[in-house]
Amino acid sequence: MMNLGNPDLAEKYASLPADGIGLLREEFLWTSYIHEHPLYMIDHGEAQKAIDMLADGIAKVARTFAPRPVILRFSDFKSGEYRNLKGGDQYEPHEPADLLGWRGASRYYDPKYREGFKLELAAVKKVRNYYGLKNLNVMIPFVRTVDEIKEITTLMQDAGLKRSADFKVLMMAEIPSNIILADQFNQYIDGYSIGSNDLTMLILGCDRNNDAIAHLYDERNLAIKRAIRHLIKVAHRDGKTVSICGQTPSEYPEYTNFLIQSGIDYVSVNPDMVKTTKRNVAHFEQRILLDKATGKGLQDPTDYEW
């Protein structure tokens, strides 16, 4: 699968041998197309304009890649990034550590922002129902608790977006609670996409934007690998899929090998790494088949077991 930010690049990359879009970042639509804060638009009578512009950008990607699946990640701006949109100063708090603050899921059901999230839901519904692009699925970022995912999926259902055979609701797995409580999160979603950047930050306790401790920040750390393998095991037990959309599989082929050995369902990489990753995956899968045929078994170090 492929990561994509700018919908205008969809046609350029459509011919790449990707099996779909594993991560469509909604933030780019706000910063490059719309430029205004969602609540500012609502307060100025432009809610429908926001819905239409969001829907148009999303539809451009979904239409270009159809029938391949497209996974839109709902907005995951931090408060400082929202403040940069027109009118943002009126609505955003000043947080000393906004990476760990009011972001992702915690916004969607908050009375202070809920109406803004409803714009996103309306845009998704328009793309699927009005444009008829049923290959569009969604992903919820930075979900801290099971109660949060329960409340958000209820909001989605109230907006007419209910999980079904042709509409998948995924969740980013980027907080330790997502791993530890995967058996409970499984009830409300169809699968996970591992956000290895934030997961590494929160498992190792390293601010990923702090150069002073950059040498400690390593997504290949055994703690991260154990967490990933545990998630895959628990997710698969309930028939849920697991993918990854971080940079590590692009940068380290051996990490892709570890993911495939662990049973990951797919990886999503940036456009420039699609062809290379596709070749690497084919090579690693052939090696697994060869090992099975010769009785060697999988390379499955017990260190990875949790």
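Values in this document were obtained by computation on a predicted structure and should not be read as measured data.
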Any side-chain heavy-atom pair from [X] and [Y] closer than 4.5 angstrom?
{"X": "Glu174", "Y": "Leu202", "answer": "no"}
{"X": "Gln48", "Y": "Ile51", "answer": "yes"}
{"X": "Asp147", "Y": "Glu151", "answer": "no"}
{"X": "Ile149", "Y": "Ile189", "answer": "yes"}

Hey, could you give me each pair passing side-chain hydrogen bond (donor to acceptor under 3.5 Å, both in side chains) that has a residue in residues 176-186? Not counting sequence neighbours.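 Sorted pair list: Asn186-Tyr192, Asn186-Asp238.
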
Can a salt bridge be assigned to the pair Glu92 and Arg107 using a cut-off of 4.0 Å between side-chain N and carboxylate O? yes

Measure the spacing between CG of Asn6 and OG of Ser32 and express it to the nearest 0.5 Å.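 Taking CG in Asn6 and OG in Ser32, the distance rounds to 6.0 Å.
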
Sub-3.5 Å donor-acceptor pair from the side chain of His230 to the main-chain atoms of Arg226, do we have one? no

Sidechain-backbone polar pair: Thr294 side chain, Leu290 backbone, donor-acceptor under 3.5 Å: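 Checking the backbone N and O of Leu290 against the side chain of Thr294, a donor-acceptor pair under 3.5 Å is found.
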
Residues sharing Tyr266's hydrophobic cluster, by side-chain heavy-atom contacts under 4.5 Å among ILVMFWY, directly or via others? Met1, Leu23, Ile71, Met139, Leu170, Met172

Grouping I, L, V, M, F, W and Y whenever their side-chain heavy atoms are under 4.5 Å apart, do [X] and [Y] come out in a common cluster?
{"X": "Ile175", "Y": "Tyr109", "answer": "no"}
{"X": "Phe28", "Y": "Val138", "answer": "no"}
{"X": "Leu29", "Y": "Ile42", "answer": "yes"}
{"X": "Leu99", "Y": "Tyr217", "answer": "yes"}

With sequence neighbours excluded, give me every ring pair (Phe, Tyr, Trp, His ring centres under 6.0 Å) pair touching residues 122-175.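 Every candidate ring pair (Phe, Tyr, Trp, His ring centres under 6.0 Å) pair involving residues 122-175 fails, so no pair, neighbours aside, qualifies.
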
Would you list the pairs meeting ring pair (Phe, Tyr, Trp, His ring centres under 6.0 Å) in which at least one residue belongs to residues 49-79, sequence neighbours left out?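 Passing the test, one end in residues 49-79: Phe74-Phe117, Phe77-Tyr82.
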
Run the side chain to side chain donor-acceptor pair (under 3.5 Å) test against Lys86 and tell me which residues pass, sequence neighbours left out. none

Of all residues at least two apart in sequence or in a different chain, which pass the side chain to side chain donor-acceptor pair (under 3.5 Å) check with Lys150?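 If we apply the side chain to side chain donor-acceptor pair (under 3.5 Å) test to Lys150, skipping adjacent residues, there are no hits.
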
Under the rule for ring pair (Phe, Tyr, Trp, His ring centres under 6.0 Å), what residues qualify as partners of His35, not counting sequence neighbours? none

Donor-acceptor pairs under 3.5 Å, side chain of residues 247-255 to any protein atom, not counting sequence neighbours: which ones?
| from | atom 1 | to | atom 2 | distance (Å) |
| --- | --- | --- | --- | --- |
| Gln247 | OE1 | Asn270 | ND2 | 2.9 |
| Thr248 | OG1 | Glu219 | OE1 | 2.1 |
| Tyr255 | OH | Glu219 | O | 3.0 |

Pick out which of Ile21, Val124, Leu54 makes a side chain to side chain contact (heavy atoms under 4.5 Å, CB included) with Leu72. Val124

Residue from Val234, Asp265, Ile228 passing side chain to side chain contact (heavy atoms under 4.5 Å, CB included) with Val242: Asp265

Among pairs that include at least one residue of residues 71-85, which meet salt bridge (Lys or Arg N to Asp or Glu O under 4.0 Å), considering only residues two or more places apart or in two chains? Glu27-Arg73, Asp76-Arg103, Lys78-Glu81

Can you list, pair by pair, the side-chain donor-acceptor contacts under 3.5 Å of residues 209-216, counting residues two or more places apart and other chains?
| from | atom 1 | to | atom 2 | distance (Å) |
| --- | --- | --- | --- | --- |
| Asn210 | OD1 | Ala212 | N | 2.9 |

Are Tyr108 and Arg114 close enough, and set up right, to give a side chain to side chain contact (heavy atoms under 4.5 Å, CB included), and what steps lead you there? CA-CA 5 Å; Tyr108 302 160; Arg114 186 181 298 152; over 6 Å; no

Do you know the tightest heavy-atom contact between Ala62 and Asn135? O-ND2, 3.0 Å

For Lys60, which residues count as a salt bridge (charged side-chain N to carboxylate O under 4.0 Å, His left out) partner, sequence neighbours excluded?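 Testing Lys60 for salt bridge (charged side-chain N to carboxylate O under 4.0 Å, His left out), a comparison that skips the adjacent residues, returns Asp8.
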
Glu26 meets the salt bridge (charged side-chain N to carboxylate O under 4.0 Å, His left out) criterion, sequence neighbours left out, with none

For Lys162 and Met156, run side chain to side chain contact (heavy atoms under 4.5 Å, CB included): C-alpha distance rounded to whole Å, both residues' side-chain angles, the deciding distance at 0.1 Å, then the answer. CA-CA 7 Å; Lys162 186 175 182 179; Met156 293 177 63; over 6 Å; no

